[in-house]
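Predicted, not measured: the structure shown is a model, and the values here were computed from it. By convention here, the first residue in the shown sequence is residue 1.
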Amino acid sequence: MTPTPPVTRLVERSEFLVENARFVTLATEGADGPWASTVNYVPLRDPLRLLWYSLRQARHSRNIEARAAVSGSLFLTGLDSPLTLDGAQFTATAQAVGPGELEELSRWYYERNFPDEAVRARWRLPLEEFRGDGPRRFYLLTVREWWLLDTDGWLRDMNDRRIGVPLPALAHRPAARSGPEGRPA
């Protein structure tokens, strides 16, 4: 049996991935079958969530409207570690952001994704595009289960395994980088 790294190390790796990967590959399923798509996200915490926007008519958006269950993966390469890469997989539910949260979450998305105000102004889309019959929606994915690549095991025996990470350990963040739930950003 493979020894499991301490939870603290798994959480640190997970935090690094969530904060630095920036892109997640989503797996959805709809009337046309399974579909994978890559989206640019920003994280929120307590619980762990990923926020992005897409066109309403994109296949993954239509799939989410039909079925909220999704899964996904994120990864980074070129790391200063013996394996030089790390990755996570998850199961989750996803849904369109409602009108009551739209302004706050869109502000968080743009501020977090584009810290430079001038760059943010170039990329920010009008909120009208995300309301009513507008062509876009923000989506919020809530993670249900989270696994990391067993990097230690791979280095030891080259077997490709995953290690479950307890979600409560991933929920809390230092206040300096937390999200719009009333904590400092």
Side-chain angles (χ1 to χ4, degrees), residues 4-27 36-54 60 64 70-95 97 101-125 138-155 161-185:
T4 303
V7 170
T8 304
R9 185 159 165 258
L10 297 174
V11 169
E12 288 171 356
R13 287 177 50 205
S14 296
E15 293 288 344
F16 187 83
L17 282 165
V18 167
E19 291 296 323
N20 294 286
R22 297 196 54 194
F23 292 91
V24 61
T25 301
L26 298 176
S37 56
T38 303
V39 298
N40 171 232
Y41 73 89
V42 299
L44 291 98
R45 302 308 174 120
D46 210 7
L48 176 58
R49 293 162 293 158
L50 306 179
L51 174 69
W52 78 95
Y53 73 79
S54 291
H60 62 277
I64 289 169
V70 300
S71 62
S73 65
L74 47 96
F75 64 94
L76 289 170
T77 61
L79 300 177
D80 184 20
S81 66
L83 196 55
T84 72
L85 60 87
D86 204 353
Q89 291 171 259
F90 59 84
T91 62
T93 57
Q95 63 184 25
V97 169
E101 298 177 296
L102 178 60
E103 192 169 327
E104 179 182 18
L105 290 177
S106 68
R107 182 175 49 250
W108 173 248
Y109 175 86
Y110 284 111
E111 287 174 0
R112 187 70 197 273
N113 219 3
F114 307 104
D116 180 276
E117 195 170 332
V119 173
R120 186 180 327 130
R122 285 198 317 263
W123 282 92
R124 187 186 307 265
L125 296 169
F138 275 95
Y139 294 90
L140 197 55
L141 175 151
T142 303
V143 175
R144 291 188 329 209
E145 298 173 288
W146 183 266
W147 298 272
L148 285 176
L149 173 64
D150 180 4
T151 54
D152 293 339
W154 176 262
L155 290 169
R161 292 182 291 265
R162 303 296 178 271
I163 300 171
V165 181
L167 277 183
L170 296 177
H172 302 289
R173 294 272 313 131
R177 300 269 332 246
S178 58
E181 296 93 11
R183 294 185 214 90

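- Considering only residues two or more places apart in sequence or on other chains, Thr91 meets the side-chain hydrogen bond (donor to acceptor under 3.5 Å, both in side chains) condition with Glu145.
- Not a single ring-ring contact (aromatic ring centres under 6.0 Å, His included) links Tyr110 to another residue, sequence neighbours left out.
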Throw together a table of side-chain donor-acceptor distances under 3.5 angstrom for residues 5-12, partners on residues two or more places apart or in other chains.
unit_1, atom_1, unit_2, atom_2, d
Arg9, NH1, Asp152, OD2, 2.7
Arg9, NH2, Asp152, OD1, 3.2

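- Every side chain to side chain contact (heavy atoms under 4.5 Å, CB included) that Asn40 has, sequence neighbours left out, goes to Arg22, Phe23, Tyr109, Asn113.
- For Ser37, the side chain to side chain contact (heavy atoms under 4.5 Å, CB included) partners two or more places apart in sequence, or in a different chain, are Leu26, Trp35, His60.
- The ring-ring contact (aromatic ring centres under 6.0 Å, His included) test applied to Phe75 returns no partner, not counting sequence neighbours.
- The side chain to side chain contact (heavy atoms under 4.5 Å, CB included) check on Gln95 picks up nothing, with sequence neighbours excluded.
- The side-chain hydrogen bond (donor to acceptor under 3.5 Å, both in side chains) contacts involving residues 71-81 comprise nothing, where partners must be two or more places apart or lie in separate chains.
- A search for side-chain hydrogen bond (donor to acceptor under 3.5 Å, both in side chains) contacts involving Thr38 returns Thr25, not counting sequence neighbours.
- Taking the salt bridge (Lys or Arg N to Asp or Glu O under 4.0 Å) definition, one finds that Arg120 meets it with nothing, sequence neighbours left out.
- When the side-chain hydrogen bond (donor to acceptor under 3.5 Å, both in side chains) test is applied to Trp147, no partner is found at least two apart in sequence or on another chain.
- When the ring-ring contact (aromatic ring centres under 6.0 Å, His included) test is applied to Tyr41, no partner is found at least two apart in sequence or on another chain.
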